[in-house]
Every structure is written in C-alpha cells, then in structure tokens.
Colleague: 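Sharing a structure with you now.
Note on naming: letters A, B, ... go to the chains in the order of the sequence lines (proteins, then strands), and numbering restarts at 1 for each one. Remember, predicted model here, so these are calculated numbers, not experimental data.
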2 protein chains.
Amino acid sequence: MSASTKLSSSVKAICFLAESYPTAKTSKEIAENTGINASKLRKLLSLLCKSKIVVSNQGTKGGFQLLKSPKDINLQEIYCSIEDRKAFHLDVSDIIGKDEYDYLGYFNNLFSSIQVDIENKMTKISIQSIMNYLKMKSNF
Amino acid sequence: MSASTKLSSSVKAICFLAESYPTAKTSKEIAENTGINASKLRKLLSLLCKSKIVVSNQGTKGGFQLLKSPKDINLQEIYCSIEDRKAFHLDVSDIIGKDEYDYLGYFNNLFSSIQVDIENKMTKISIQSIMNYLKMKSNF
DNA sequence: TTAATTGTTATAGTAAGTGTAACATTTTTT
DNA sequence: AAAAAATGTTACACTTACTATAACAATTAA
C-alpha cells in the first residue's frame, strides 16, 4: 500500500516556485535546483496546470509559475492533480465471488471513510506551512 | 497507493472459520467455500498463526481454527499480521537529495499521523461486526 | 527563421503483487 | 512402521504498476 514519489517531487517543485513567487521558472531551472529530471517535472507540472495550481508558457522566455499564493495551495489538491487513485485504496473488486455476502460494500464503506480523514488532513496543509516548517528546521 | 487483496482474502477465511467457531477446517474446505486458492490460504493462515489469531494442526484431522472469539478479532491485527508495510505509506526516502531541507521528516510526521487514524479505525472493526453487517445486508 | 521552451509519447528497467504448483515436514491412524 | 492427510515453505511464471529518461512534436518570442 505504497504511493508514488510523485507527490514529494511535486511539492519540491512547487516549493521552489514559491520561493520566488510569482516569477516563472523553466523546467531546466527547477531540475537543477531540485535534482528532479526535467522531463518528469514537465509531466507533473502539466498536470498541475490542468488544476490551475500553476500556469505554463511555452516558447522562449516561457516557463512555469504559481497561479496561487503558497498559502492558498494545499496538499490535497496537489495529490488529486497528479494521482488518479484515492490516497487510500484497496483492490477488493475481486472479492465479490461465489458467496452471497457483500464484502465489497463493507470494505468500500470503510475505505471511503478513511479516505475522508486523509483528505481532511491534507487539505489543512499548505505549501506555505511546509516552507515555514522546513525553514524553521534548517535554523538548527 | 494500493493495497493487496490479502486483507480481504484473510477476512473471508476468518469469517468462514468464525461461522463454525471454534471447529477446525482444512485449507481445502476453506478454499472450496471461499473460492480462494488453498496454497494462498495456507500462506495467509500461517501468518495469522504467528500472531495468535488462528492455530494450525498438521497431519490427518488437522486444519485451522480460530484462537479467539470473532468479537475479539479486529481488522487492525489482521492487517498487521499479513502486511509488513504500514497501511498508509509513501516512498519519500529518496527526497533527501541535494537540498538542505528536511522534506523527509515533514512527510513522515504527516504520514504517521494518518497511520494512527487508520489503525484506530481498523481496531474498532471486529470480525463479529463484519459478519453482523453482512448478514443484515443479505436479508434484503 | 531560429532558438528556446513546454507537451506528449515511447521505451526500457525495476519493483511489487498474484496465483499456482511442487515438495518438504509433520501428525494421526492403522 | 508405513501410509495417508494435512500444514509449511519455496519456487516460478505472469501480470501490473512504477520510475526514469529520451526523443520528438508543438508552440512561442525575439
């Protein structure tokens, strides 16, 4: 029950953009500063464009920039932009087998309730709060 | 961020054992009644043996039986028995790259807090309550 | 028109999960 | 002691998902 590294890569990229908000940065610049492959970054950022978290400009002098203030971007919307799956998900679709019991319904109820908890937690965490935490930690 | 079918298979097997608690059943009998492969069942049930949820007896007249009442078995202990990973887990170990910020620590704090929530939810769900739910549903 | 940039597709490699079979081990029964 | 029946464990093939990267198409500004 593991998740991708897409979330942490996205957060790193967005935090980098947030440091010079609202200035635009190219995928190459972001790559050099985060260590994340530029092609991978473009794929992630294009997803974040579709949900209006960042905006992209093609061509010379193009790049990516945040469309919202760091305090108005939360983890949940980032997660939803880059992942099609729910954050907590079990493959139970095959358990509606030969028996008469509705295991599938039972587990789905449980999992969607867990999902709500996770989304609530993620919604409360903004990019700004992540940056504050990281800066505070780096002062030691 | 998906989980295995191991949990639902285990629950099905345990529910079947619970229906005739505390009588022992062979992996073949469980397989015939649940549609789950007998070899897979033995692997799962041997893990559940190690955490004292079921007990196994080899040899003729052997089989598996519940070691505890269905009301005293909860989802959380089943999950922990069969999965080595935490229920909610992100691969963020590679994000401690070239920068000075402690992203890893930040995400770990978040994820362990989510983990606590999930474990609390699972702990509250007993095999007995699952069976009650399923029986109630099958009356329609 | 050229250069620089994003957007998209393709591909190869790795890791994880799944289902099943085969065989070793243990135990009871005769 | 031998045979039968069961669990315990290992191995393997198959599929699926994830990851990283490259290559090229599309777009834009100078």
Colleague: Taking side-chain hydrogen bond (donor to acceptor under 3.5 Å, both in side chains) as the test, write out the residues that go with B:K68, two or more places apart.
Modeller: B:E77

Colleague: Taking only residues two or more places apart in sequence, or in another chain, which ones meet B:K25 in a salt bridge (Lys or Arg N to Asp or Glu O under 4.0 Å)?
Modeller: none

Colleague: Any side-chain N or O of B:N37 below 4.0 angstrom from OP1/OP2 of C:dT20?
Modeller: yes

Colleague: Looking only at non-hydrogen atoms, find the nearest pair between B:K71 and B:S126 and report the distance.
Modeller: O-CB, 3.7 Å

Colleague: Run the side-chain hydrogen bond (donor to acceptor under 3.5 Å, both in side chains) test against B:S51 and tell me which residues pass, sequence neighbours left out.
Modeller: B:S81

Colleague: Could you check how far CG of B:L41 sits from P of C:dT18, rounded to whole Å?
Modeller: 14 Å

Colleague: Atom CG of B:L7 to atom C1' of C:dG17: distance rounded to whole Å?
Modeller: 15 Å

Colleague: Output all residues satisfying salt bridge (Lys or Arg N to Asp or Glu O under 4.0 Å) with B:D72, sequence neighbours left out; order by chain, then residue number.
Modeller: none

Colleague: At under 4.0 Å between heavy atoms, which parts of nucleotides 4-14 of chain C does protein reach? Answer with one letter per nucleotide, 5' to 3': B base, S sugar-phosphate only, - none.
Modeller: BBBBBBB----

Colleague: Return the set of residues passing side-chain hydrogen bond (donor to acceptor under 3.5 Å, both in side chains) with B:N74 (not counting sequence neighbours), or none when no residue passes.
Modeller: none

Colleague: Once you round it to whole Å, what is the distance between P of C:dT18 and CD1 of B:I82?
Modeller: 10 Å

Colleague: Nearest-Å distance, CG (A:L44) to P (D:dC18)?
Modeller: 13 Å

